[in-house]
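Please read the structure below before turning to the comments.
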Amino acid sequence: MSIQLSKTNTKNLNILVDGSPLKMKVPKSIMPFGFSVTDYGYGPNKNLVISITDDEFLSSMREVECNVISEISKMSKDIFNREVDEDEIFNMFNSNMSDDRLRIKHTKDTVLFDKDGKVMHANIFDGDFSKWSVTCNFLITGVYFMNKKIGLILKAHHVKLFEPEKDNSGYLFIDSSSDSD
């Protein structure tokens with residue numbers, strides 16, 4: 001994977017892989033807490049928080065992060081006005097993965113689909129779709145620099161939601177009194 005970082009008109013950097021935007025797909029996974037919505041005073045910030053159990057996907061994401069950290073180190077003189085090694089950048093890096101959970105930004109361009117592929121027009125609130133399964137493709141659009149932290153910008157593109165399966169296991173009570181008495 002050949003990652004190229006390029007400057008933008010902001011502090012952020014764009015990411016391309018072999019000249020194209022970096023696209024990834026989350027295999028079917030659970031959103032244990034649903035969408036996370038916070039408002040910092042300039043409008044709501046909406047994120048999908050997905051529990052990932054697919055080791056291959058987790059490995060791919062870690063590889064992307066390591067490649068980005070390496071490229072930032074190579075460009076550090078232009079970015080930080082000094083040489084910065086990969087270890088120092090790693091210490092500043094704010095991963096979108098924590099405890100095998102992946103955080104992806106829901107934007108105005110994100111499209112939600114139901115299990116049958118029909119577009120869902122839902123207003124998203126904190127906790128919506130809790131415990132639902134999801135598969136999602138997303139773009140890694142860039143690298144941000146904020147408050148001495150560095151991180152990737154992940155934007156959900158298409159999100160397919162699956163309702164939780166009904167669990168019919170559990171206790172079954174049978175009325176022992178008989179009407180035939």
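For this chain, numbers begin at 1 and follow the sequence in order. Source: prediction; values computed, not measured.
- Between N123 and D128, the shortest heavy-atom distance links the atoms O-OD2, 3.3 Å.
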- Query: Step by step, would you call L102 with M61 a side chain to side chain contact (heavy atoms under 4.5 Å, CB included)?
  - Reply: CA-CA 10 Å; L102 178 67; M61 276 301 298; 4.1 Å; yes

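- For the residue pair S2/Q4, the side-chain donor-acceptor check at 3.5 Å is satisfied.
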- Evaluate the side chain to side chain contact (heavy atoms under 4.5 Å, CB included) criterion for residues F80 and I72: first the C-alpha distance (whole Å), next the side-chain angles of each, then the deciding distance (0.1 Å), finally the verdict. CA-CA 10 Å; F80 303 107; I72 292 172; 4.0 Å; yes

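- A donor-acceptor contact shorter than 3.5 Å links the side chain of S29 to the backbone of P27.
- Going from atom CZ of F145 over to atom NZ of K11 covers 10.0 Å, rounded to the nearest 0.5 Å.
- With contacts defined as side-chain heavy-atom distances shorter than 4.5 Å, the pair F33/D126 does not qualify.
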- Given the rule in the side chain to side chain contact (heavy atoms under 4.5 Å, CB included) test, do I150 and V143 qualify, once you have shown the distances and angles that lead to the verdict? CA-CA 7 Å; I150 300 169; V143 177; 3.6 Å; yes

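- Checked by atom type and distance alone, the side chain of S130 pairs as donor or acceptor with a backbone atom of P32 at under 3.5 Å.
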Residues 50-59, side-chain donor-acceptor partners within the protein, below 3.5 Å, at least two apart:
{"residue": "S51", "atom": "OG", "partner": "R101", "partner atom": "NE", "Å": "3.4"}
{"residue": "D54", "atom": "OD1", "partner": "E56", "partner atom": "N", "Å": "3.1"}
{"residue": "D54", "atom": "OD1", "partner": "F57", "partner atom": "N", "Å": "2.7"}

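- You'll find the side chain of C136 reaches within 4.5 Å of the side chain of I104, heavy atoms only.
- Rounded to the nearest 0.5 angstrom, S76 OG and I69 CD1 are separated by 13.0 Å.
- Contact annotation: the side chain of D78 approaches that of K7 to within less than 4.5 Å [non-hydrogen atoms, C-beta and beyond].
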- Dump the intermediate steps for side chain to side chain contact (heavy atoms under 4.5 Å, CB included) on L16 and L22, then the final yes or no. CA-CA 6 Å; L16 296 175; L22 180 51; over 6 Å; no

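- S36 places no side-chain N or O within donor-acceptor distance of the main-chain N or O of G127, the cut-off being under 3.5 Å.
- Clustering ILVMFWY residues whenever any of their side-chain heavy atoms sit less than 4.5 angstrom apart, transitively, puts L48 in the very cluster that holds M24.
- A salt bridge between D85 and K74 is absent, with no side-chain N of the basic residue lying under 4.0 Å from a carboxylate O of the acidic one.
- Taking 4.5 Å as the limit, some side-chain heavy atom of F138 sits within range of a side-chain heavy atom of V26.
- By the criterion of side-chain heavy atoms lying less than 4.5 angstrom apart, applied directly or through intervening Ile, Leu, Val, Met, Phe, Trp or Tyr residues, I79 is grouped together with F93 in one hydrophobic cluster.
- Nearest heavy atoms, M31 versus V134: CG-CG1, 3.6 Å.
- A donor-acceptor contact shorter than 3.5 Å links the side chain of N137 to the backbone of H158.
- Surrounding CZ of F90 are at most 12 heavy atoms belonging to other residues, nucleotides or ligands under 6.0 Å away.
- A cation-pi arrangement is present between K28 and F162 under the rule of less than 6.0 angstrom and at most 45 degrees off the ring axis.
- D116 CG: more than 12 foreign heavy atoms inside a 6.0 Å radius.
- In terms of modelled atom types and a separation under 3.5 Å, the side chain of T8 and the main chain of N12 share a donor-acceptor contact.
- You'll find the side chain of F35 reaches within 4.5 Å of the side chain of H106, heavy atoms only.
- Nearest heavy-atom pair, V159 versus A156, reported as atom, atom and distance to 0.1 Å: CG2-CB, 3.9 Å.
- Side-chain atoms of V37 and I124, non-hydrogen and from C-beta on, do get closer than 4.5 Å to each other.
- Side-chain atoms of N91 come within 3.5 Å of backbone N or O of D87 as a donor-acceptor pair.
- Linking ILVMFWY side-chain heavy atoms closer than 4.5 Å, directly or via other members, places I140 and M97 in a single hydrophobic cluster.
- Atom CG of L152 sits about 5.5 Å away from atom CD of E65, to the nearest 0.5 Å.
- Contact of the K115 side chain with the L161 side chain is not registered, since no non-hydrogen atoms from C-beta on lie closer than 4.5 Å.
- Hydrophobic clustering (ILVMFWY, side-chain heavy atoms < 4.5 Å, transitive): M92 and L13 are in one cluster.
- Using the six-membered ring where Trp is involved, W132 and F129 have ring planes that are perpendicular, over 60° apart on the 30 and 60° scheme.
- Rounded to the nearest 0.5 Å, atoms NZ (K46) and CG (D39) are 10.0 Å apart.
- Residue K25 holds its NZ atom at 8.0 Å from NZ of K160, rounded to the nearest 0.5 Å.
- Of the possible donor and acceptor atoms, none in the side chain of N47 sits under 3.5 Å from a partner among the backbone N and O of V49.
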- Begin from the C-alpha positions of D100 and R62 and carry the test salt bridge (charged side-chain N to carboxylate O under 4.0 Å, His left out) through to its verdict. CA-CA 11 Å; D100 295 335; R62 287 187 185 98; 3.5 Å; yes

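- Rounded to the nearest 0.5 angstrom, E83 CD and S73 OG are separated by 7.5 Å.
- When the side chains of ILVMFWY residues are joined at heavy-atom separations under 4.5 Å, either directly or via intervening members, L139 and L5 end up in two distinct hydrophobic clusters.
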